Protein chains: 2
Amino acid sequence: MTHPNPVPVPTLRDVAEAAGVHTATASRALNPKTRQQISAETARRVMRAAQALGYQPNSAARSLKTARSSTVGLVIPDLTNPLFPPIVRGVESVLESDGYNVWIVNTDNDEERERAKIESLRSRQVEGLIIATARLEHPLLGQLHEQGVTMVLINRQVDNLRIPAVTGDDATGVAAAVRHLADLGHTRIAHLSGPLSTSTGRVRSRAFRHAVRDLGLPGDLMVECGHWSEADGAAAMRALLARTTDFTAVVAGNDPIALGCYDVFAERGLSCPHDVSVIGFNDMPFLDKLRPPLTTVAVPHHELGAEAARMLLNCIDEPDRAARSVLLPASLVVRGSTAAPRATVLPEP
Amino acid sequence: MTHPNPVPVPTLRDVAEAAGVHTATASRALNPKTRQQISAETARRVMRAAQALGYQPNSAARSLKTARSSTVGLVIPDLTNPLFPPIVRGVESVLESDGYNVWIVNTDNDEERERAKIESLRSRQVEGLIIATARLEHPLLGQLHEQGVTMVLINRQVDNLRIPAVTGDDATGVAAAVRHLADLGHTRIAHLSGPLSTSTGRVRSRAFRHAVRDLGLPGDLMVECGHWSEADGAAAMRALLARTTDFTAVVAGNDPIALGCYDVFAERGLSCPHDVSVIGFNDMPFLDKLRPPLTTVAVPHHELGAEAARMLLNCIDEPDRAARSVLLPASLVVRGSTAAPRATVLPEP
DNA sequence: CAAGCCAGCGCAATCGTTTGCGGGAAACGA
DNA sequence: TCGTTTCCCGCAAACGATTGCGCTGGCTTG
């Protein structure tokens, strides 16, 4: 028989009856926290019965009664962006060991979707939110914060809000990138920043300005990309080249933007790193397989997620502890897209 | 005040009181399915009250009462494997429009983790499972199937079980790859297969055997990789080279295995595609950025997920319809890692 | 021997929704 | 005017687990 039955799933009551005790006793016997209120012998009987019946507690009933769900929501823009899977796994790695589960939702950076997804999470009684989609101005987060929703931000920050956040140390990452280029002898370094409406874009761009200024280099070689994408990176690089060819290195706002540079170099017959050095940001997978392998700033994404999860657990456990944000160190990964500049400037196209 | 209150979340009762009706009426007014049982005027009042209070139905209470959860479980080995995010999004894209939500769990291909995760999903009353981790022999799936759990398999099949599955058409993909190489003039084509304990590995390897046989080419150039990884691909390529250098092309079981070939070629000073042509499988992201860009077989992962979701919805709606499996077409993506063979065989190392 | 204590267990209320059922009132036909 | 239908709506019982409280019986203690 391939279709034997809609096997009636056993409830606590069934277990209790099988063990010859009351449901209350069965409940206590099954819960390690309350098991010592029950005689060892009875507890054993109950657990055996549960095992035999294949009993699984109905988590809906449990969270209805306890007003807890052992679930946290994880809000990300898009899972197919390779940045996020490691973050997800990082979050899960610490939450799971604490008995929590993770609900993942994708917002595609759409405000309406985001609102809807978060509402759905809240109706599922999540005990906290980890949010990796925050824009600088973000009314929704403000509302949630005022309603006392416990949450932690990843990778971005929101203006004027005291929400705990964990981010990569973009500033020192960018500084290391600039310093690396300067050490190679570059003096005219450009920056293709991400959208300045994101905190990441803004932080990295400011860090770049500071870094070049500190080294006494010109700080006017900057273009803002419309999105964090390869296409926008290429467009920005074209815009930069239309303005000037007097630069020998580029710090891209992230890896796709750097890939956009690769595309334009191929178009124009420019050689990387001989004509132009490029540095990306994030250290996405497979960058070491590119031609040339991309020098980039590695951000500890897994640890970012793990730390955010730890902070969230703290917030849940002690709601009125001060919210502290943390910065995780980023590190430069030197590969083949950076080299000493040629003696001359770029050839005119 | 940053810590105003643990705002008491409004319940249906609050809404009902605010609207001056009974909770039953409020419930019916809020549910589009039952709204016509209520006078338009009253329904409006209730909805307004709900809006004003920011009411969100408690989904735990709801699923306790209705014994439904509007949730399906999605079981994958590892989210950081770039194969899976598109599948996830594909699943979500069709499930969401039907009001379902998706629970994602990672098993890391560990049998114990998998069992635990699936139990946790079941205790959450998921209405169905989409499983992308099936091994050929898989006792757990057998049990679940006998218990009447509705589920759909992605990308793999399980021996002897009539579980609906949606998979890429690996056989024609491999055939296309072999045919492409033969058309280029290759006559000695090797295959670095994935583990033969997976249905994917087995199907592709058999397809390779058939394809070369149909073209009258030798079928003895095969090595099995221990895992679907770059390292194991490299090891397999080394093993192959230790055995013979008399081949001019390689069909890899998947993209990372092909990358492993790249690594060994770099070690040995072999040039791809001039000395050896390579074809991967899956068309992971960024393969077009490699040097050389990897020719590969593209599998429609998003559509795989979407179709699996559709099938699962069908199974949920009409449990006793025959389970049909579907095959989605794979297509060859020709890039730079394949070319006509040199006149001579490989140089001796 | 009586009083007190405690360990072990059962009772019953409760969480927030849904839903079958029944009742009151309005509307209708006769 | 009265009976009957129809339309809205309220009543109350679930769903399955948790938990404060109280009861019981066996034990210690003075």
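Letters go in sequence order (proteins before strands), and every chain restarts at 1. Note that this is a predicted model, so its numbers are computed, not measured.
Within the nucleic acid shown, Ser63(B) has no heavy atom closer than 4.0 Å to any nucleic acid atom. Among the protein residues, Ser39(B) comes within range of the sugar-phosphate backbone only, with heavy atoms under 4.0 Å from sugar or phosphate atoms but none that close to a base. No contact: Thr34(A) has no heavy atom under 4.0 Å from any strand.
In this entry the distance linking CD of Gln36(B) with P of dC9(D) reads 12 Å, nearest Å.
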Quick one: what's the B/S/- string for nucleotides 10-16 of chain D, heavy-atom cutoff under 4.0 Å, read 5' to 3'? BBB-BBB
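Residue pairs meeting the side chain to side chain donor-acceptor pair (under 3.5 Å) criterion with at least one member in residues 46-60 of chain A, sequence neighbours excluded, do not occur. Within the structure, ring pair (Phe, Tyr, Trp, His ring centres under 6.0 Å) pairs that include any residue of residues 98-132 of chain B comprise Trp103(A)-Trp103(B) (at least two apart or interchain).
Heavy atoms only, all atoms of each residue included: Ile316(B) and Thr150(B) are closest at CG1-OG1, 4.0 Å. Here the shortest heavy-atom pairing between Gly305(A) and Ile154(A) reads CA-CD1, 4.0 Å.
Partners of Arg124(B) according to the salt bridge (charged side-chain N to carboxylate O under 4.0 Å, His left out) rule, which considers only residues two or more places apart in sequence or in another chain, do not exist here. Residues passing the side chain to side chain donor-acceptor pair (under 3.5 Å) test with Arg113(A): none are found, sequence neighbours excluded. The salt bridge (charged side-chain N to carboxylate O under 4.0 Å, His left out) test applied to Glu112(A) returns no partner, not counting sequence neighbours. Listed by chain and number, the residues in a salt bridge (charged side-chain N to carboxylate O under 4.0 Å, His left out) with Lys117(A) are Glu96(B) (sequence neighbours excluded).
Fit an axis to the five pairs at each end of the helix from dC1(C)-dG30(D) to dA30(C)-dT1(D) and the two axes sit 50° apart, to the nearest 10 degrees.
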Could you tabulate the donor-acceptor pairs under 3.5 Å formed by side-chain atoms of residues 87-95 of chain B, not counting sequence neighbours?
unit_1: Arg89(B); atom_1: NH1; unit_2: Asp78(A); atom_2: OD1; d: 2.6
unit_1: Arg89(B); atom_1: NH1; unit_2: Asp108(A); atom_2: OD1; d: 3.2
unit_1: Arg89(B); atom_1: NH2; unit_2: Asp108(A); atom_2: OD1; d: 3.2
unit_1: Arg89(B); atom_1: NH2; unit_2: Asp108(A); atom_2: OD2; d: 2.8
unit_1: Glu92(B); atom_1: OE1; unit_2: Asn106(A); atom_2: ND2; d: 2.9
unit_1: Ser93(B); atom_1: OG; unit_2: Gly90(B); atom_2: O; d: 2.7

Contacts table for residues 21-32 of chain A: side-chain donor-acceptor under 3.5 angstrom, sequence neighbours left out:
unit_1: His22(A); atom_1: ND1; unit_2: Ala24(A); atom_2: N; d: 3.0
unit_1: Asn31(A); atom_1: OD1; unit_2: Lys33(A); atom_2: N; d: 2.8

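The closest donor-acceptor contact from the side chain of Thr71(A) to the backbone of Ser69(A) lies under 3.5 Å. A donor-acceptor pair is defined here as one N or O able to donate and one able to accept, closer than 3.5 Å; no such pair exists between the side chain of Ser120(A) and the backbone of Ala116(A).
For the contact set between residues 120-128 of chain B and DNA chain C, defined by any heavy atom under 4.0 Å, there are no members.
Extent of DNA chain C lying under 4.0 Å from chain B heavy atoms, first and last nucleotide in 5' to 3' order, is dG16(C) to dG20(C).
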What's the verdict on side chain to side chain contact (heavy atoms under 4.5 Å, CB included) for Ile118(A) and Val75(A), showing C-alpha distance, side-chain angles and the deciding distance? CA-CA 8 Å; Ile118(A) 290 185; Val75(A) 183; 4.2 Å; yes
